[in-house]
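What follows is a short report on a single structure.
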Amino acid sequence: MRPVRVRTVAAAVAGLALLSGCGSAGGLQSTGEAPSAVGPARLWPDLPPASAAPYDYGEGETARIPGITVPGDDVHRLDPVTVAQAGLKAKTNRDSGLDELADATVRQIRACRTAPGDCPVLTPYYFDLTGDGRDELVLGIRMPERQLAVRAYRADDGVLTRIMSTVDAVISVELAGRDLILRAPSVISGYEYRTAWSWDDRQQAMLATRDEILRVPERRGERTAPTSTAPPSESPTAPAPSETPSGTPTAPAPSETPSAAATSSADGR
């Protein structure tokens, strides 16, 4: 081990010599002293820490979808309406009771075959949210009071699992990298909520990894930000396919994301 250490020190000295040479030639210049790092100051240090979460918002909750098999783990081959209907019978791994669909929405989902015009299941999207090289299925379900249920499903060994489920009043749903970004209106004029949902390997679910309230930049001739009473733009509704899908559903361009507006419930807002 001693010779290795000698070579390491020698290499470090040579590197410093090169840097000194570059500095004298005008390559590297000092930008001044860096500000001192200030650590966080803990307030009320004698306060005992909480031992359990006071509320369960359904984060990290998953559910196996009964009666659905995924040949080749290819979610493109699934009928989105069939998935939504089967999901009504799904049992979560942790019963929070916070993601139950409204009774009116449940009736509409069950009647998607006979009343496709009222089917609340929107056109599906397909993205690799987990980074495993296979697409996941992302569904939007219109809810009363202009809310939107957003759900993501992962196929593994032929089994379909719901890895994300939230209900929110959204301005838009966007994809950034492998994250799903939900933008929701704020009661504060000129601001909006943005929640990033990301895949977590440990939990094997999508988690709300970042939740923030941001100021909306003003634009000429446009309002500063939508409010909770602003009407949403129309969202495409998924056509009710046959019981046995004849082909892969075609998703619209990612820019055509669904919209809605009301109040948030996914993060307790």
Side-chain angles (χ1 to χ4, degrees), residues 40 52-65 70 73-76 78 80 83-84 87 90 92-101 122-141 143 147-157 159-186 191-216 235 251-260 263-269:
Y55 305 108
D56 183 358
Y57 294 115
E59 63 270 25
E61 201 169 67
T62 61
R64 178 173 177 175
I65 308 302
V70 191
D73 290 341
D74 184 4
V75 295
H76 292 261
L78 298 177
V83 171
T92 63
N93 64 335
R94 190 178 74 254
D95 185 17
S96 69
L98 289 177
D99 189 51
E100 294 181 358
L101 298 174
L122 303 181
T123 304
Y125 287 88
Y126 304 93
F127 305 112
D128 181 8
L129 301 175
T130 65
D132 64 357
R134 297 193 304 266
D135 282 346
E136 276 67 52
L137 168 65
V138 180
L139 286 185
I141 300 174
M143 298 273 289
Q147 296 196 58
L148 185 73
V150 180
R151 299 183 166 189
Y153 302 83
R154 182 192 188 200
D156 187 33
D157 290 334
V159 175
L160 189 67
T161 301
R162 190 171 64 210
I163 59 174
M164 172 187 170
S165 184
T166 186
V167 176
D168 210 338
V170 302
I171 299 170
S172 69
V173 180
E174 303 165 353
L175 180 73
R178 295 203 310 267
D179 293 349
L180 286 177
I181 310 296
L182 274 63
R183 298 172 54 221
S186 168
Y191 291 80
E192 68 181 24
Y193 290 105
R194 294 183 191 176
T195 305
W197 289 80
S198 312
W199 170 253
D200 184 84
D201 281 324
R202 180 178 180 182
Q203 193 65 30
Q204 291 290 292
M206 298 286 287
L207 300 181
T209 54
R210 188 171 66 256
D211 193 8
E212 53 192 350
I213 182 170
L214 299 174
R215 185 173 180 177
V216 180
S235 301
S255 60
E256 299 176 5
T257 49
S259 301
T263 58
S264 169
S265 61
D267 53 5
R269 293 192 298 270

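Values reported hereafter were calculated over all heavy atoms of this structure, with side chains retained and with hydrogens, waters and symmetry mates removed.
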Item to complete: Apply the test side-chain contact (heavy atoms from CB on, under 4.5 Å) to residues Leu137 and Tyr126: give CA-CA distance (whole Å), side-chain angles for both, the deciding distance (0.1 Å), then the verdict.
Response: CA-CA 5 Å; Leu137 168 65; Tyr126 304 93; 3.6 Å; yes
Fill in: Verdict with reasoning, Trp199 to Arg154, per side-chain contact (heavy atoms from CB on, under 4.5 Å)
CA-CA 11 Å; Trp199 170 253; Arg154 182 192 188 200; 3.6 Å; yes
Item to complete: Run the numbers on Leu122 and Ile141 for side-chain contact (heavy atoms from CB on, under 4.5 Å), then give the verdict.
Response: CA-CA 6 Å; Leu122 303 181; Ile141 300 174; over 6 Å; no
Item to complete: Kindly indicate, with the supporting measurements, whether the criterion side-chain contact (heavy atoms from CB on, under 4.5 Å) is fulfilled by Met206 and Thr166.
Response: CA-CA 10 Å; Met206 298 286 287; Thr166 186; over 6 Å; no
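Here the side chains of Glu136 and Asp128 are in contact, with some heavy-atom distance below 4.5 Å. Residues Leu78 and Val70 have side chains in contact (heavy-atom distance under 4.5 Å, counting atoms from C-beta outward). Considering only heavy atoms from C-beta on, Leu129 comes within 4.5 Å of Val138 through its side chain. Side-chain contact check for Leu160 versus Val75: some heavy-atom pair is nearer than 4.5 Å. With contacts defined as side-chain heavy-atom distances shorter than 4.5 Å, the pair Thr62/Gln204 does not qualify.
Judged by distance alone, the side chains of Asp132 and Thr130 do bring a donor and an acceptor atom under 3.5 Å apart.
In this structure, Thr195 and Ala208 approach most closely via the heavy-atom pair CG2-CB, 3.9 Å. In this structure, Ala90 and Arg162 approach most closely via the heavy-atom pair CB-NH1, 4.5 Å. Ala184 approaches Ile171 most closely through the heavy-atom pair C-CD1, 3.8 Å. Taking all atoms of both residues into account, the shortest heavy-atom contact from Ser186 to Tyr191 is CB-O, 3.4 Å. Of all heavy-atom pairs spanning Thr209 and Ser198, the tightest one is OG1-OG, 2.8 Å.
Taking CG of Asp179 as the start and CG of Leu207 as the end, the distance is 11.0 Å to the nearest 0.5 Å. Interatomic distance, Tyr125 OH to Leu175 CG, rounded to the nearest 0.5 Å: 11.0 Å. In this structure, Ile163 CD1 and Arg151 CZ are separated by 13.0 Å, a value rounded to the nearest 0.5 Å. Of the inter-residue distances, the one linking Asp73 atom CG with Asp157 atom CG reads 6.0 Å to the nearest 0.5 angstrom.
For the side-chain contact (heavy atoms from CB on, under 4.5 Å) test, residues two or more places apart in sequence or in another chain that qualify with Arg210 are Ile181, Ala196, Glu212.
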